[in-house]
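We use all heavy atoms of the structure for the numbers below, so side chains are in, but hydrogens, waters and symmetry mates are not.
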Amino acid sequence: MDCAQIPANFHCARCEEEDEPVRSGLCARCCLKDDLGDLIRDEHGGIAEHMLPLYQALTTQANARSARVWLITNKPAKELLRTLATDTASLTHETFTQHQTPGKVQHLRKLVMSLGMIEERNGRIERYETWLDQKLLKVPSPKHKRLIAQFARFVHLNRMRHLASQNSLKEGTLLSARQSTSTAIEFLGFLDGRGKGPGECTQQDINDWLAGGPTTRSLARTFARWAMGARHIPKLDFPYRVPKTLPRLSQDRRLELIHRALDDHKLDPGDRAACLLMLLFGQPLTRVAAMKTEQFLHSDDGGLQVVFGEDPIEVPAVFSPVFKDYLANRPNTNTASNPGSPWCFPGFSPGEHISANRLMTRLREVGIDLKGAKNATLQELVLLMPPAIAADALGYSYQVMDIHEQRAGGRWKAYPELVRSQSKD
């Protein structure tokens, strides 16, 4: 029966699977097979052999209706599929990057990459290269343009390629590279405004640059240090910016947020899990976004452990259901984009996890001061265990945890006991 309690037959006229019919008594999957098949047929009337992996992935995904909607609504991708099937367009990265609307076919490109139909290429590196080309067009001085291009190639692109080879290139690295490059261009423009080239830069110029603008000007240090090493700028001092304050939530506010993540079922399950990973274990969202399901260990007695560093950490029993329920029902895993995804927080793009920026935006909308929450958690944890043990368990360096212990007053907390023990001697 349908929702109006009127007797109806919801079995597909072809495959006999029960599903709401889309057209002519056919289910969404059978319609998808027909529509996609018509698009990617070769000159002999069969599915083009080189397009078979895509056909099989899309027509066998759990949510066939989603793939069909994408096929109908994305006209550029639909047209490109036809030209790829008939060899009018070659199945290469250039076909996608040189497309008149590359953004519209980006999902298709990532999908064929994930299926091994074209070689893997890191999208973040490509995005930086494209951004850099556009940025350099606006640099008026040819000398500055060449210098920035060298800096970007030798510093940022080399580092990004190294991280990509280790599968460790994050969205934050791309954003940092952009900001560093932009600030370098602004620094050269500042010198140019004083009638100076890089080789004529003085210590006073650097001091005036740092003092005369926002704190983000200190990001030009990476460029300046590289330029000094390459003898484009004289050997001068370009100091780090040292933050004067460290944001931190009160313990009461932290506990309030923990209770909300635990009990508020109106929140998105993924947001609840991400909140607890930060508020219980002090994990930065860049690391949370890239967590894999294998980091959660299920024991035979129903317990749950999570791994951040060298040793697993027991998840308190009261919080286990939040993680277990979320992991059992992760989003974005019923399409051809992420079948069997290893990520705790799968993204919409094929084979990728959610971006840290997207996760940050969602949690800020919930009302969380991200830096304050992480710092409050770490400072609470170093009062409960030695900083070295906390560092090993949580995946931080000893230096970082030592700083949090100092800021938490951990050493002063132990001072009265030390005095008492010495007085007894």
*Supply the atom-to-atom distance M160 CE to K170 NZ, rounded to the nearest 0.5 angstrom.*
13.0 Å

*Do D205 and R194 sit within salt-bridge range, that is, some charged N less than 4.0 Å from a carboxylate O?*
yes

*Report the C-alpha separation of R254 and E380 in whole Å, then their side-chain angles, then the decisive distance to 0.1 Å, and conclude whether the salt bridge (Lys or Arg N to Asp or Glu O under 4.0 Å) test is met.*
CA-CA 10 Å; R254 174 175 169 257; E380 183 66 21; 5.1 Å; no

*asked:* With rounding to the nearest 0.5 angstrom, report the CG to CG distance, L81 to L39.
replied: 6.0 Å

*Does R217 reach the main-chain N or O of L210 with its side chain, forming a donor-acceptor pair under 3.5 Å?*
no

_For L267 versus A261, what's the shortest heavy-atom pair and its separation?_
CD1-CA, 4.5 Å

*Can you tell me how far OH of Y128 sits from CG of L174, rounded to the nearest 0.5 angstrom?*
9.0 Å

*What is the minimum heavy-atom distance between C12 and L26, and which atoms define it?*
SG-CA, 3.8 Å

*Indicate the atoms forming the closest heavy-atom contact of R330 with S341, along with that distance.*
NH1-O, 2.8 Å

*Report yes or no: does H93 contribute a side-chain atom to a donor-acceptor pair with the main-chain N or O of E119 at less than 3.5 Å?*
yes

*Would you check if the side chain of E94 reaches a backbone N or O of T92 as a donor-acceptor pair within less than 3.5 Å?*
no

*Go through the steps to decide whether Q305 and S299 satisfy the test side chain to side chain contact (heavy atoms under 4.5 Å, CB included), and finish with yes or no.*
CA-CA 8 Å; Q305 294 179 315; S299 59; over 6 Å; no

_I need the minimum non-hydrogen distance between C201 and I233, along with the two atoms involved._
CB-CG2, 4.2 Å

*asked:* When you measure from the side chain of N74 to the backbone of W70, do you find a donor-acceptor pair of N or O atoms at a distance under 3.5 Å?
replied: no

_Test item: Y396 side-chain N/O and L378 main-chain N/O as donor-acceptor pair under 3.5 Å_ = no

*With under 30° as parallel and over 60° as perpendicular, where do the rings of F223 and F151 fit, or are they tilted in between?*
perpendicular

*Could you tell me whether a side-chain N or O of D369 sits under 3.5 Å from a main-chain N or O of A373, the two making a donor and an acceptor?*
no

*Interatomic distance, D42 atom CG to E49 atom CD [nearest 0.5 angstrom]*: 9.0 Å

*When the ring planes of F190 and F187 are compared, do they come out parallel, tilted or perpendicular, using 30° and 60° as the limits?*
parallel

_Is there a side chain to side chain contact (heavy atoms under 4.5 Å, CB included) between H404 and L381? Walk through the geometry before answering._
CA-CA 9 Å; H404 281 289; L381 291 174; over 6 Å; no

*On the ring face of F348, is R358 found with NZ or CZ under 6.0 Å from the centre and within 45° of the axis?*
no

*To the nearest 0.5 Å, what is the distance between NE2 (H156) and OG (S176)?*
8.5 Å

_Assess the residue pair L108 and L54 against the criterion (side chain to side chain contact (heavy atoms under 4.5 Å, CB included)); give the C-alpha distance rounded to whole Å, side-chain angles, the decisive distance to 0.1 Å, and a yes or no._
CA-CA 9 Å; L108 176 60; L54 179 67; 4.0 Å; yes

*Please confirm whether the backbone N or O of L32 pairs with a side-chain atom of R68, one donor and one acceptor, at under 3.5 Å?*
no

*asked:* With a 3.5 Å distance limit and no angle check, can you tell me whether R29 reaches the backbone of T59 through a side-chain donor-acceptor pair?
replied: yes

*Please determine if E79 and K104 form a salt bridge, counting it only when a charged side-chain N lies under 4.0 Å from a carboxylate O.*
no

*How many angstroms lie between NE2 in H298 and OG in S320, if you round to the nearest 0.5 Å?*
9.0 Å

*asked:* Could you check whether R362 pairs with E365 (Lys NZ or Arg NE/NH1/NH2 to Asp/Glu carboxylate O, under 4.0 Å)?
replied: no

*For atom NZ of K371, is the number of surrounding heavy atoms from other residues, nucleotides or ligands below 6.0 Å larger than 12?*
no

*Step-by-step salt bridge (Lys or Arg N to Asp or Glu O under 4.0 Å) determination, K110 to E126*: CA-CA 13 Å; K110 290 183 177 180; E126 269 196 359; over 6 Å; no

_What verdict does the side chain to side chain contact (heavy atoms under 4.5 Å, CB included) test give for L304 and F319, after you've listed the backbone C-alpha separation in whole Å, the side-chain angles of each residue and the deciding distance to 0.1 Å?_
CA-CA 9 Å; L304 185 68; F319 300 110; over 6 Å; no

*For the side chain of Q203 and the backbone of D237, is there at least one donor-acceptor N/O pair under 3.5 Å apart?*
yes

*Run the salt-bridge test on R161 and E129 with the 4.0 Å N-O cut-off and return the result as yes or no.*
yes

_So does L84 get a backbone contact from the side chain of H50, meaning a donor-acceptor N/O pair under 3.5 Å?_
yes

